[in-house]
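First comes the structure, then the notes that go with it.
Every number for a ligand or one of its atoms is a count from 1 in the order of the listing.
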Amino acid sequence: MNVETKCLHAGYEPQNGEPRQLPIYQSTTWKYDSSDDMGKLFDLEASGYFYTRLQNPTNDLVAAKIAALEGGVAGMLTSSGQAANFFALFNICETGSHIVASSAIYGGTYNLLGVTMKKMGIDVTFVDQTLSEEELQKAFRPNTRAVFGETITNPTVSVFDIEKFARLAHGNGVPLIVDNTFATPVNCRPIEFGADIVTHSTTKYMDGHATGVGGAIVDSGNFDWMAHADKYPGMTTPDESYHGIVYAEKFGKLGYITKATSQLMRDLGSIQSPMNAFYLNNGLESLHVRMDRHCDNALKIARFLKAQDKVAWIHYPNLEGDDNYELAQKYLPNGSCGVIAFAVKGGRDAAIRFMDSLKLMIIATHVADARTCLLHPASHTHRQLTDEQLREAGVAPDLIRLSVGLENADDLIADLQQALDRI
Ligand SMILES: *Cc1c(COP(=O)(O)O)cnc(C)c1O
């Protein structure tokens, strides 16, 4: 099946007489006939459901769709994109581990790694993702356990050179984890370029309608944990909390997701509600159609903004002449996403006057939505970062993040025009 067809048909495949729409298993618990039946589940000797803090069939069917879209072997849903990135990393890191991450990642993930995971004794080195392989190699240490980046960075819309980072990660015997939120598997499938694990904030394009916060993790099954057994004791030595199971041995290519589900979900309980998974599945069914329209609209608007005297600068990866144009041609030939980063001349005051003058476009702490929205990261999403951290993350103080929706592009351009006229 092609990706468009998978959006509709992967995951839940109803059998004769079963409901066409995905059933919502709105149940915390499952019933078993004998104590022994249930005991086997707790020993991971049989697969089945027992408690929604760990697993729920509605979630698993939607995760299976996302795994199919990404070309992975297994997936899981989490309560948010933050939980997805935390679980993806914490599943293979522990106190004393080190992570190499692009400095251009989403502000929330930057804090997760640089503040919260640091408190857990997991160190991070943020790198300029445009450096050469030779320069980037210097960031690796003997205790490095993962490399992390975003296919298209939020909010600077820079394109991550997945193959370059996959070579570096694999050369150092660690997996590459890529947050594919902005591109979605419709526009880029990082596993095809060497990524080992893919994460998502499903809150964004996958849901697409600002309905539910959620996340997803997909494993390619390609990373050989046993070949690097000394680095990943959690995957390759007995888990005493499951009677000595060795995940990479017992579950093979499914070991990584099985561990994240049966250990991290069990202990940290960041599951997506089945109701939200149902909404997410509805969003996924039209993802390919919406991504096309988001990209068409964004390119029209990027061209419009570029031609305006009052616009100081603009970044959109598919815009001819953009710094990331070459990388976009390689990784995102059919389009990138609906997000544009730009600035108006006149600094912060002009930016605020411009934003407050918009009538159709709304100011929202959201992105990748059906309705056009925008924000000013330095005063909103990234306001907890210092000026130096902002610079390190490549977020200019005047950057406006415009998330182009599905409206008619002419209506959006008219709104931008009247707001620019007011500066
Ligand atoms: C929004 C976002 C996140 C965090 O996701 P939530 O669902 O808000 O927790 C992570 N990565 C990227 C690229 C995002 O845009």
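- The pair Lys330-Glu163 meets the salt-bridge criterion, with a side-chain N (NZ, NE, NH1 or NH2) lying under 4.0 Å from an Asp/Glu carboxylate O.
- Considering only residues two or more places apart in sequence or on other chains, Glu134 meets the salt bridge (Lys or Arg N to Asp or Glu O under 4.0 Å) condition with none of them.
- Using the six-membered ring where Trp is involved, Phe86 and Phe90 have ring planes that are parallel, under 30° apart on the 30 and 60° scheme.
- Note on residues 102-154: pairs passing ring-ring contact (aromatic ring centres under 6.0 Å, His included), not counting sequence neighbours, are Tyr110-Phe126.
- Here the side chains of Asn59 and Ile271 are in contact, with some heavy-atom distance below 4.5 Å.
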Taking a 3.5 Å cut-off between nitrogen or oxygen atoms, can you list every pair linking ligand 1 to the protein, with distances?
{"unit_1": "ligand 1", "atom_1": "5 (O)", "unit_2": "Ser201", "atom_2": "OG", "d": "3.0"}
{"unit_1": "ligand 1", "atom_1": "7 (O)", "unit_2": "Gly81", "atom_2": "N", "d": "2.9"}
{"unit_1": "ligand 1", "atom_1": "7 (O)", "unit_2": "Ser201", "atom_2": "OG", "d": "2.8"}
{"unit_1": "ligand 1", "atom_1": "7 (O)", "unit_2": "Thr203", "atom_2": "OG1", "d": "2.6"}
{"unit_1": "ligand 1", "atom_1": "9 (O)", "unit_2": "Gly81", "atom_2": "N", "d": "3.0"}
{"unit_1": "ligand 1", "atom_1": "9 (O)", "unit_2": "Gln82", "atom_2": "N", "d": "2.9"}
{"unit_1": "ligand 1", "atom_1": "11 (N)", "unit_2": "Asp179", "atom_2": "OD2", "d": "2.7"}
{"unit_1": "ligand 1", "atom_1": "15 (O)", "unit_2": "Asn154", "atom_2": "ND2", "d": "2.9"}
{"unit_1": "ligand 1", "atom_1": "15 (O)", "unit_2": "Lys204", "atom_2": "NZ", "d": "2.7"}

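- For residues 320-354, the set of pairs meeting the ring-ring contact (aromatic ring centres under 6.0 Å, His included) definition, not counting sequence neighbours, comprises Phe193-Tyr331, Phe342-Phe354.
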